[in-house]
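See below for the structure under consideration.
Basis for what follows: all heavy atoms, side chains included, without hydrogens, waters or symmetry-related copies.
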Amino acid sequence: MTLAQAMERIAPADQDARREARRRQNDMAKPLGSLGLLEDAIDTLAGAQGSARVEIGRRAVVVFCADNGVVAQGVTQCGQEVTAVVTENLNRGDTTVCIMSRHAGVDVLPVDIGVARPVTGDKILQRNVMRGTRDMTVESAMTREECIRAIETGIDIVRECKECGYQLLATGEMGIGNTTTSSAVASVLLGVAPDTVTGRGAGLSSEGLTRKIRAIERAIALHHPCVDDVIGVVSSVGGLDIAGMIGLYLGGALYHIPVVMDGFISAVSALAAVRLCPNVRGYLMASHVSAEPAGQRILDALDAKPLICAGMRLGEGTGAIAAIALLDLSLAVYHEMVSFDDIHIDHYEHLT
């Protein structure tokens with residue numbers, strides 16, 4: 001399905017299902033709204049799935065792996081060869097998100113959407129659009145066509161997940177240099193200076209942080225991306241992992257599968273997806289607020305409240321997995337808690 005066709009078919013989340021889920025929670029034998037954002041998350045799950053009978057028994061974190069040409073500007077602590085190594089480690093189950101996912105009952109689906117060298121592994125989805133983006137300080141990271149193809153790849157992965165029976169997805173990413181690209185996209189979409197949204201990523205020195213900010217400034221000055229042209233922004237200063245996650249969010253809305261955002265890079269991608277198609281917002285949940293400088297700003301722009309505030313900044317989908325564990329607990333209450341009628345006591349009332 002093309003990007004244009006997908007966006008035409010995305011409908012708002014089901015408000016009747018949201019209201020029914022809230023009614024069920026209000027009938028539970030506990031104080032009204034006492035589980036806070038966990039109850040809001042269940043409303044979102046119901047609205048996204050189109051039913052108050054919420055089920056998330058089969059779920060996966062989709063980890064988009066891609067390299068970024070801007071690493072040539074010295075914006076990272078290590079070289080882009082690490083992306084391929086970690087992608088293959090994801091295949092073997094040897095990364096942080098893999099360990100967390102095993103304990104949370106979540107499948108890990110690594111996607112080579114733009115790794116610089118071929119990677120091997122039977123669990124890796126081979127969806128390479130190009131062998132890493134170009135250096136955005138010299139030329140556009142991608143052409144518009146390459147960017148759209150990466151977005152459509154994300155949409156198609158959701159279709160495959162739907163056919164396999166997945167009921168909940170989470171976003172993850174792996175790619176050396178991708179806090180640089182996501183900071184560049186955030187700078188444009190939020191209309192703020194790069195130095196206000198750019199952090200140290202995986203541990204840059206102060207000198208390295210300065211190089212990173214200057215690289216973003218040069219790229220934006222070179223391409224003059226327009227905030228109203230999301231594809232133009234992502235293709236000029238973004239990354240293939242960002243484009244893939246945009247597609248995953250669009251696909252989640254299209255196929256009625258709720259999606260849990262991970263951290264900063266995932267949230268920047270979500271903001272781009274919502275700017276492309278506002279109806280996507282009703283299908284998204286924020287797992288945590290990233291420790292990156294713009295983590296909260298991006299969530300504010302999405303009007304999203306995170307379930308977790310723990311200073312996380314690892315990526316890969318780790319925050320999303322931690323949030324899924326919370327969703328399991330809240331759904332256990334949702335499905336098993338007795339109602340006020342069951343125990344023959346008066347309901348709580350909303351008081352003013």
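Using a 4.0 Å cut-off between a side-chain N of Lys or Arg and a carboxylate O of Asp or Glu, Arg24 and Glu20 do not qualify as a salt bridge. Between Glu152 and Arg149 no salt bridge is recorded (no basic side-chain N to carboxylate O distance below 4.0 Å). Between Asp195 and Arg214, no side-chain nitrogen of the basic residue sits less than 4.0 Å from a carboxylate oxygen of the acidic one, so the salt-bridge criterion is not met. Lys123 has no carboxylate O lying under 4.0 Å from a charged side-chain N of Glu88, or vice versa, which leaves the two without a salt bridge. Comment: Asp328 engages Arg59 in a salt bridge, judged by a side-chain N to carboxylate O separation of less than 4.0 angstrom.
Atom CZ of Arg53 has 12 or fewer neighbouring heavy atoms from other residues, nucleotides or ligands inside a 6.0 Å radius.
Donor-acceptor pairing under 3.5 Å is lacking for the side chains of Thr76 and Lys212. Side chains of Ser339 and Asp341: no donor on one and acceptor on the other come within 3.5 Å. Using a 3.5 Å distance cut-off with no hydrogens or angles, the side chains of Thr143 and Glu146 do pair a donor with an acceptor. Side chains of Arg218 and Gln73: a donor-acceptor N/O pair is present below 3.5 angstrom, by distance only.
When side chains are defined from C-beta on, Leu109 counts as touching Cys161, because their heavy atoms get closer than 4.5 Å.
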(request) Give the intermediate values and the outcome of salt bridge (Lys or Arg N to Asp or Glu O under 4.0 Å) for residues Arg297 and Asp300. (result) CA-CA 5 Å; Arg297 297 179 78 154; Asp300 289 344; over 6 Å; no

(message) Apply side-chain contact (heavy atoms from CB on, under 4.5 Å) to residues Leu45 and Leu331 and explain how you reach the verdict.
(response) CA-CA 10 Å; Leu45 291 171; Leu331 277 172; 4.2 Å; yes

(message) For Gln5 and Thr2: C-alpha separation, side-chain torsions, deciding distance, then whether side chain to side chain donor-acceptor pair (under 3.5 Å) applies.
(response) CA-CA 5 Å; Gln5 290 170 334; Thr2 68; 3.2 Å; yes

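The side chain to side chain donor-acceptor pair (under 3.5 Å) test with Asp40 singles out one residue from Arg22, Lys305, Arg18, Gln25, and that residue is Arg22. Considering Thr95, Val61, Val108, Ile321 in turn, Thr95 is the only one that fulfils the side-chain contact (heavy atoms from CB on, under 4.5 Å) rule with Glu316.
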